Amino acid sequence: MFRSFNPLGADELQELWSAAAEIWDMRHAEAAFDGYVSADFAAIHTRLASLKDRAHTFLEWGSGLGVVAIMASRLGYDSYGIEVKPDLVRAARELAERFNATPQFATGSFVPEEFSGNLREGDEFHRTETQDRSAYDEIDMELRDFDLVYAYPWPEEHTIFRSIIRRCASPNTMYLRYDVREGLSLTRPARRKSR
Ligand SMILES: C[S@@+](CC[C@H](N)C(=O)[O-])C[C@H]1O[C@@H](n2cnc3c(N)ncnc32)[C@H](O)[C@@H]1O
């Protein structure tokens, strides 16, 4: 499907980031914001722009206020976000509308139903919610359909996030990770044999 290429300009980007910061200032005491921390949006926007020629479908895991999925949508990606907290999904949809972006947000878990971790390989969730249903059906997509997946895991969850990509994504799926100390890293995993 043809999507128009209309990236947010510098002023609009500042406006989007400020709008998200304002929501955080007003609402961070609410339970929905318990696990929400925002990443370095400027660095992510630059990286998403540079990857645009290599990827079309984009997914933000744990999309929170949806800022990254919104930026991706305006860069011309077919953009999606999955977030477990319904209040955050509502806020993300409102922000998307305000910034003329068309990402699709789904409420539920980004962990695919078929994923089972391997404790011996360090697969352990710490702060990721594990009780909710996987949300891929809601967007009629599977993890393997995405060219580029972005996440901001807690440091102790780097291993299990990579495992999900290795086991459930396509061999061509690129994984962009943000870490507060290490910044952004991009990996394209080779498929492992399933056990
Ligand atoms: C560290 S914040 C990242 C927010 C945003 N992606 C960013 O980079 O600025 C992690 C988000 O993941 C959400 N989350 C936690 N467990 C989840 C799950 N199983 N499925 C979907 N979202 C989840 C939290 O509610 C929170 O909004």
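Model, not experiment: these values are computed from the prediction. Both ligands and their constituent atoms are indexed starting at 1 by order of listing. In this chain, numbering begins with 1 at the start of the sequence shown.
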Problem - Sole candidate of Y80, Y175, W61, F110 that passes ring-ring contact (aromatic ring centres under 6.0 Å, His included) when paired with F146 - result: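 Exactly one option meets the ring-ring contact (aromatic ring centres under 6.0 Å, His included) with F146, and it is Y80.
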Practice task
Scan side-chain atoms only and decide if T159 and E121 contain a donor-acceptor pair under the 3.5 Å cut-off.
Solution key: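 Checked: T159/E121 side chains show no N/O donor-acceptor pair below 3.5 Å.
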State if [X] counts as touching ligand 1 under the rule of any non-hydrogen atom under 4.0 Å.
X: G108; value: yes
X: F33; value: no
X: F41; value: yes
X: D132; value: no
X: Y178; value: no

Practice task
Could you see which bit of I44 sits under 4.0 Å from ligand 1, with heavy atoms only: side chain, backbone, both or neither?
Solution key: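 Neither part.
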Practice task
Check W154 against ligand 1 and report side chain, backbone, both or neither, counting heavy atoms closer than 4.0 Å.
Solution key: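 No part of W154 is near ligand 1 at this cut-off.
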Problem - From D147, D78, T173, D145, residue fulfilling side-chain hydrogen bond (donor to acceptor under 3.5 Å, both in side chains) relative to T57 - result: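 It is D147, the one option of D147, D78, T173, D145 that forms the side-chain hydrogen bond (donor to acceptor under 3.5 Å, both in side chains) with T57.
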Using a plain distance cutoff, I'd like to know if [X] has any nitrogen or oxygen under 3.5 Å from a nitrogen or oxygen of ligand 1.
X: Y36; answer: no
X: V68; answer: no
X: V111; answer: no
X: V84; answer: yes
X: G62; answer: yes
X: K85; answer: no

Problem - Per-atom contacts, ligand 1 versus T128 - under 4.0 Å to a heavy atom - result: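 Selected atoms, number and element: 16 (N), 19 (N).
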Problem - Atoms of ligand 1 close to S38 [distance to a heavy atom under 4.0 angstrom, numbered from 1] - result: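 In order of number, 9 (O).
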Problem - salt_bridge(E182, R177) N-O dist < 4.0 Å - result: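 Yes, charged N to carboxylate O under 4.0 Å.
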Practice task
Determine, for R167 against D123, whether the closest basic-nitrogen to carboxylate-oxygen distance falls under 4.0 angstrom.
Solution key: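 Here R167 pairs with D123 in a salt bridge, since their nearest N and O are under 4.0 Å apart.
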Practice task
State yes or no: do V84 and V68 share one hydrophobic cluster built from I, L, V, M, F, W and Y residues joined by side-chain heavy-atom distances below 4.5 Å, directly or via other members?
Solution key: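 No, because V84 and V68 fall into different hydrophobic clusters, even though each may have its own neighbours under 4.5 Å.
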Problem - The one among R177, E60, E83 that brings a heavy atom closest to atom 27 (O) of ligand 1 - result: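 Going through R177, E60, E83 one by one, E83 has the nearest heavy atom to atom 27 (O) of ligand 1.
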Problem - Flag, side chain of E138 to backbone of T107, donor-acceptor distance under 3.5 Å - result: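 Side chain of E138 to backbone of T107: a pair is present.
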